[in-house]
Amino acid sequence: MEEQKKKVILSGIQPTGVFTLGNYLGAVRNWAQMQEDFHSAYMIADLHALTVRQEPADFRKRILSCYALLLACGVDPDKSVVFIQSHVPAHAQLGWVLACNTQFGELSRMTQFKDKAAQHADNINAGLFTYPALMAADILLYQADLVPVGVDQKQHLELTRDVASRFNGIYGNTFTLPEPYIAKEAKIMSLADPLKKMSKSDPNPNGCITILDEPGTIVRKFKRAVTDSETEVCYREGKDGINNLMTIYAAVTGLSMDQITADFAGRGYGDFKAAVGEVVAEHLRPVRERYADLMNNKDYLTECYRKGAEQAARIAHRTLEKVYKKVGLLPA
Ligand code: TRP
């Protein structure tokens with residue numbers, strides 16, 4: 001691909017804790033692949049995470065450990081700009097200007113706001129409400145063409161486009177309108193209840209694999225995965241447990257569903273569960289090892305996130321300056 005034709009992508013992940021197998025297969029692994037074809041920027045959305053009350057000492061550790069997880073998953077600081085949102089003040093600065101260009105009615109329609117307000121009824125803070133304006137700033141600062149996100153963030157991206165095109169209309173062309181990039185995402189379900197998305201908050205710890213689980217733990221959790229009362233390993237409506245295991249196996253091995261069915265013909269679920277556990281454990285082994293190495297080398301991590309912040313700030317500042325000028329702020 002020619003250098004000047006490369007599109008810009010940006011994505012972010014909140015530092016809520018160690019990534020699950022679902023986060024990894026559905027998102028972060030794709031980021032590592034996409035950095036080959038795009039100008040890519042990836043960030044830890046720590047300011048977004050403040051919309052929920054955090055325990056400060058724990059939060060600080062988690063931000064660093066999530067940064068290390070990104071690198072462990074293959075996001076390469078030499079190929080992408082990898083940074084921590086709060087290290088680049090332009091995010092909060094543009095976030096404010098965009099909040100002033102976003103309507104109360106628009107924010108009120110965000111389904112994630114409604115869901116989170118219901119979940120945290122004791123802390124429906126203003127940040128939770130204006131969250132999409134900050135997310136719009138994250139994206140628009142880098143003039144991103146594409147934003148890889150899960151379906152749950154699609155509405156925020158549409159709002160970003162609305163705000164950007166309105167701003168462009170009033171003040172003249174300023175922002176690139178970003179497109180959502182919904183990857184052919186492997187949606188990974190709980191091993192304990194395959195109708196629910198895999199989540200760290202699963203009440204049953206066997207339902208969720210994290211990317212730092214030990215190989216033995218991974219194999220054991222897969223052995224206990226909930227399936228149905230049939231025996232054939234095939235992808236079919238209603239076989240949610242098996243479908244989920246096949247999705248995981250396919251995502252890790254690259255095999256098609258038909259190939260998997262053929263390979264496990266006559267072998268039953270027990271063999272299949274053991275095989276899925278094995279391939280996942282082996283696949284995640286280097287990720288876990290890289291993570292441990294990185295966490296033992298804090299100086300290197302610090303160097304990476306400082307370099308990332310510098311690179312990000314340089315790009316972000318150009319956009320912020322333009323915006324400040326267009327809205328009529330007096331240059332400092
Ligand atoms: N809101 C996203 C989430 O919770 C995280 C995020 C913050 C993000 N800023 C972003 C994603 C910008 C894409 C682009 O998943």
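The structure presented is a predicted model; accordingly, all values stated were derived computationally and were not measured. Each ligand, and each atom within it, is numbered from 1 in the order the structure gives.
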*In terms of residue, atom name and distance, what is the protein heavy atom nearest to atom 5 (C) of ligand 1?*
Gly12 O, 3.6 Å

*Considering only heavy atoms, does Met43 approach ligand 1 within less than 4.0 Å through its side chain, its backbone, both, or neither?*
side chain

*Does the ring-ring contact (aromatic ring centres under 6.0 Å, His included) test come out yes or no for Tyr131 and Phe113, once each step is laid out?*
CA-CA 8 Å; Tyr131 176 118; Phe113 170 70; 9.8 Å; no

*asked:* For atom 7 (C) of ligand 1, tell me which residue out of His48, Gln14, Gln85, Gln153 has the closest non-hydrogen atom.
replied: His48

*Taking only heavy atoms of Ala45 into account, list the atoms of ligand 1 that are under 4.0 Å away from them.*
7 (C)

*Looking at Leu10, which atoms of ligand 1 are within less than 4.0 Å of one of its heavy atoms?*
12 (C), 14 (C)

*Before accepting this row, confirm whether a basic side-chain N of the pair Lys307/Asp78 lies closer than 4.0 Å to the acidic partner's carboxylate O.*
yes

*asked:* Among all protein heavy atoms in this structure, tell me which lies nearest to atom 9 (N) of ligand 1, with the distance rounded to 0.1 Å.
replied: Asp138 OD2, 2.7 Å

_salt_bridge(Arg236, Glu230) N-O dist < 4.0 Å_ = yes

*Taking Lys221 for its side chain and Cys208 for its backbone only, find out whether a donor-acceptor pair lies under 3.5 Å.*
yes

*Going by atom types alone, do Asn125 and Asn123 pair a side-chain donor with an acceptor below 3.5 Å?*
yes

*Could you list the atoms of ligand 1 found under 4.0 angstrom from a heavy atom of Val149?*
13 (C)

*Mark up the atoms of ligand 1 that fall under 4.0 Å of a heavy atom belonging to Val147, in ascending order.*
13 (C), 14 (C)

*Let me know which of Tyr42, Tyr67, Tyr142, Tyr305 forms a ring pair (Phe, Tyr, Trp, His ring centres under 6.0 Å) with Phe83.*
Tyr142

*Pick one of side chain, backbone, both or neither for how Ile139 approaches ligand 1, counting any non-hydrogen atom pair under 4.0 Å.*
side chain

*Just do the salt bridge (Lys or Arg N to Asp or Glu O under 4.0 Å) check on Lys61 and Asp58 with the steps written out, would you?*
CA-CA 5 Å; Lys61 282 192 201 138; Asp58 172 57; over 6 Å; no

*Closest to atom 1 (N) of ligand 1 among Tyr131, Tyr42, Tyr142 (heavy-atom distance)*: Tyr131

